Novice: 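One structure, as structure tokens, below. Some questions next.
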2 protein chains.
Amino acid sequence: MANSLERRSGVSLWRQIADQILQSIAVGDFAENAALPPEVALAERYGVNRHTVRSAIAALVQDGVLRAEQGRGTFVLSRKRLSYPIGARTRFSEGLQGQASERRSVLLESAVEPASRRVAEGLGLARGSTVIRLETRGEADGQPVSRATGWFDAARFAGIDAAMAETGSVTASFRRFGIGDYLRQSTVLSARHADAADLADLDLQPGAIVLVTVAVNVTPDGQPIQFAETRFPAERVELKISAL
Amino acid sequence: MANSLERRSGVSLWRQIADQILQSIAVGDFAENAALPPEVALAERYGVNRHTVRSAIAALVQDGVLRAEQGRGTFVLSRKRLSYPIGARTRFSEGLQGQASERRSVLLESAVEPASRRVAEGLGLARGSTVIRLETRGEADGQPVSRATGWFDAARFAGIDAAMAETGSVTASFRRFGIGDYLRQSTVLSARHADAADLADLDLQPGAIVLVTVAVNVTPDGQPIQFAETRFPAERVELKISAL
DNA sequence: GAAATTTGTCCATTGATATAGACAATTATA
DNA sequence: TATAATTGTCTATATCAATGGACAAATTTC
């Protein structure tokens, strides 16, 4: 199971090693609060120079995942990844219950704009219809765990931006428009490297991976009410697809 | 929407640009069969030297995504990503119907071994029970699109390796053991950089990203019968979480 | 207190990455 | 046919990434 590395790949060895250490922590190979194997041992395991391992560790220390103590060793700080549920009734705040003591959704920005083709199709609107775009960030225990862009039909949901700003909850905002329940119709999932915006929004180190979901929420009778793209930091979040 | 880049990130600029070009193709910003913007324009857009863009393009040409023609331009070859459905009745071959003319599942390796803690928990077996492990690769139109490791209770499914080798289908193999229908109980999703094994198995370029699902299949009355980890190349596959 | 273990800091060298500029080769266009 | 646009190749230089070695500093162990 000792995953090997790829040279001249465009991804530096120290970053690949940092990724593998993160993976080992997530899987449980490196236990929380325990010491990592010493640098020389890791260097041998990965078949690289000790300095290269040190670069990987330095990045993870910078990232708050590890703590190095001279003479003693290097220790695992990080908690496990959050498991974010995806199902018919996916809601941000409920999903993380029990996994994080404090969680909230912050409205970063809102705008009114014409719908792109993609958004119009998702919401079942005519191309060029006016939509409201909301940019939000989800946080759990003060750490960003999601970054969403949501679109709503401006004709039907005028003022939803204010409602979101006030309540901080999509569910609560929908309630003001007479929508007591809604369902997730579809979710399409992909993954890519974080771009500069992701890095800033999610407080990630360069080179990180983000999970991307594109989803449509509908009323119980099937009317699309929200089209959303959400980015999750793969190192902090996994998605649990629950029975729908 | 011009995503910027991160320097000294451990991920080289040419690879970040290659990723973004792939993304642009997938999203439809760069249409199929159309010419990419010229190298100088791309260099300006990304704020890098023309040679850096050329490195990115060279990698994608090598990868069969682009074709460069001197004097004419650089053209998009690649088809869209496959959309792989995940739902209660996820089956490999059915899911890709209509998206690929030829699809199959190849048995790479099988083994009988004691269950790890993770596998035993997933299958509801005692720690150390004997399980059969099957390593398979899914292919669509000759290109690898998935790489799965599946575990089965050896006591109940003795000989399933032979059945898989013969039929090439999990569904057909289950039928031989009297299981006409089965459901997906849970799916946990994450993403990471491809390791050396992924690169070889999925025919990827170093630095690629893989989507990872960990799933449990159960009989209609809820008995776990299969525990599986599947890796998908994120550049070729997206996962569509479907309603049931 | 001495020895062993482990992280931290130097120096030097090599190869990959990125920038810069110039010009050749090929194709499309006026 | 000349000109422009575009990809291909070459040289040179600076920085990052990775290796190798030596030794210092802090901690634990004997």
Side-chain angles (χ1 to χ4, degrees), chain A residues 3-21 30 33-77 193 196 205-207, chain B residues 3-21 30 33-77 193 196 205-207:
Chain A
N3 296 329
S4 44
L5 305 171
E6 286 300 311
R7 298 176 118 88
R8 27 192 129 68
S9 66
V11 182
S12 61
L13 295 182
W14 64 260
R15 171 142 295 282
Q16 294 183 57
I17 292 169
D19 283 346
Q20 293 205 11
I21 291 175
F30 296 157
N33 295 321
L36 240 57
E39 293 168 352
V40 269
L42 287 174
E44 192 168 0
R45 169 187 308 194
Y46 292 119
V48 299
N49 191 276
R50 182 184 153 222
H51 293 297
T52 307
V53 169
R54 281 182 59 76
S55 297
I57 290 175
L60 295 176
V61 167
Q62 176 72 24
D63 209 7
V65 175
L66 301 177
R67 185 185 64 247
E69 293 181 29
Q70 186 171 152
R72 301 213 328 126
T74 303
F75 301 87
V76 178
L77 294 176
H193 281 123
Q205 293 298 107
Chain B
N3 296 327
S4 44
L5 305 171
E6 286 300 311
R7 299 175 115 89
R8 36 192 116 67
S9 64
V11 182
S12 61
L13 293 181
W14 64 261
R15 171 142 293 283
Q16 294 182 59
I17 292 169
D19 283 345
Q20 293 205 12
I21 292 175
F30 296 156
N33 295 321
L36 239 58
E39 294 169 350
V40 268
L42 287 174
E44 192 168 358
R45 169 189 306 197
Y46 292 118
V48 300
N49 191 276
R50 181 185 153 223
H51 294 295
T52 307
V53 169
R54 282 180 60 75
S55 297
I57 290 175
L60 295 175
V61 167
Q62 176 71 24
D63 209 8
V65 176
L66 301 176
R67 184 184 66 247
E69 293 181 30
Q70 185 169 156
R72 300 208 333 122
T74 304
F75 301 87
V76 178
L77 294 176
H193 281 123
Q205 295 297 105

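In the text below, chain A, chain B and the rest are named by the order of the sequence lines, each starting its count at 1. The structure displayed is predicted, hence computed values, not measured ones. Worth knowing before you read on, the calculation uses all heavy atoms, side chains too, and leaves out hydrogens, waters and symmetry mates.
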Novice: Strictly below 4.0 Å: does Thr52(A) bring a side-chain N or O up to OP1 or OP2 of dA17(D)?
Specialist: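 Checking dA17(D) against Thr52(A), no side-chain N or O comes under 4.0 Å of OP1 or OP2.
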Novice: With sequence neighbours excluded, tell me which residues meet side-chain contact (heavy atoms from CB on, under 4.5 Å) with Ala56(B).
Specialist: Trp14(B), Ile17(B), Ala18(B)
Novice: I need the CH2-P distance between Trp14(B) and dT19(C), as an integer number of Å.
Specialist: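 Atom-to-atom, Trp14(B) to dT19(C), this comes out as 14 Å.
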Novice: If I take atom CZ in residue Arg15(B) and atom P in nucleotide dA17(D), what distance separates them, rounded to the nearest angstrom?
Specialist: 16 Å
Novice: Checking Ala35(B) now: which residues fulfil side-chain contact (heavy atoms from CB on, under 4.5 Å) with it, not counting sequence neighbours?
Specialist: Phe75(B)
Novice: Whole angstrom is fine here: how far is it from CZ in Arg67(A) over to C1' in dA26(D)?
Specialist: 15 Å
Novice: Only counting residues at least two apart or in another chain, list the ones meeting side-chain hydrogen bond (donor to acceptor under 3.5 Å, both in side chains) with Thr52(A).
Specialist: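 Scan of Thr52(A) (side-chain hydrogen bond (donor to acceptor under 3.5 Å, both in side chains), adjacent residues dropped) gives none.
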Novice: Listed in order of residue number, which residues of residues 53-62 of chain B have a non-hydrogen atom at under 4.0 Å from DNA chain D?
Specialist: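 Listed by number, they are Arg54(B).
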Novice: Ignoring backbone atoms, test whether Thr74(A) places a side-chain nitrogen or oxygen under 4.0 Å from the OP1 or OP2 oxygen of dT7(C).
Specialist: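 Checking dT7(C) against Thr74(A), a side-chain N or O does come within under 4.0 Å of OP1 or OP2.
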Novice: Quick test of your reading: applying side-chain hydrogen bond (donor to acceptor under 3.5 Å, both in side chains), list the pairs with at least one residue in residues 55-65 of chain B, sequence neighbours left out, ordered by first then second residue.
Specialist: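 Every candidate side-chain hydrogen bond (donor to acceptor under 3.5 Å, both in side chains) pair involving residues 55-65 of chain B fails, so no pair, neighbours aside, qualifies.
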Novice: Test: salt bridge (Lys or Arg N to Asp or Glu O under 4.0 Å). Region: residues 49-58 of chain B. Which pairs qualify, not counting sequence neighbours?
Specialist: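 Sorted result for residues 49-58 of chain B: Glu39(B)-Arg50(B), Glu39(B)-Arg54(B).
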Novice: Restricting to side-chain contact (heavy atoms from CB on, under 4.5 Å), what partner residues turn up for Pro38(B), sequence neighbours left out?
Specialist: Val40(B), Ala41(B)
Novice: Identify, between Val40(A) and Gly10(A), the residue whose nearest nucleotide on DNA chain C lies closer to the 5' end.
Specialist: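 Between the two, 5'-proximity favours Val40(A).
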Novice: Could you check whether Val48(A) gets within reach of a base, just the sugar-phosphate, or nothing at all, counting any heavy atom under 4.0 Å?
Specialist: sugar-phosphate
Novice: By salt bridge (charged side-chain N to carboxylate O under 4.0 Å, His left out), which residues pair with Glu69(B), not counting sequence neighbours?
Specialist: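 Once residues adjacent in sequence are excluded, the partners of Glu69(B) under the salt bridge (charged side-chain N to carboxylate O under 4.0 Å, His left out) criterion are Arg67(B), Arg72(B).
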Novice: Quick one, give me the B/S/- string for nucleotides 22-30 of chain C, reading 5' to 3', where B means a protein heavy atom under 4.0 Å from the base and S means that only happens at the primed atoms, P, OP1 or OP2.
Specialist: ---BBBS--
Novice: Nearest-Å distance, CG (Asn49(A)) to P (dC16(D))?
Specialist: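 Answer to the nearest Å: 19 Å.
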Novice: If I compare all heavy atoms of Pro37(A) with all of Leu42(A), which pair ends up nearest, and what's the gap?
Specialist: O-CD1, 3.5 Å
Novice: Can you check the Leu13(A) CG to dT17(C) C1' distance for me, whole Å?
Specialist: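 In whole Å, dT17(C) C1' lies 14 Å from Leu13(A) CG.
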Novice: Rounding to an integer number of Å, can you tell me how far Phe75(B) CZ sits from dT7(D) C1'?
Specialist: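 In whole Å, dT7(D) C1' lies 11 Å from Phe75(B) CZ.
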Novice: Without decimals, in angstroms, what is the distance between Leu42(A) CG and dT5(C) C1'?
Specialist: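 To the nearest whole Å, that distance equals 15 Å.
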Novice: Calculate the interatomic distance between Arg7(A) atom CZ and dT17(C) atom P; express it in whole Å.
Specialist: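 About 12 Å, once rounded to whole Å.
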Novice: For His193(B), which of Arg15(A), Gln16(A), Gln20(A), His193(A) qualifies under side chain to side chain donor-acceptor pair (under 3.5 Å)?
Specialist: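 It is His193(A); the other options fail the test.
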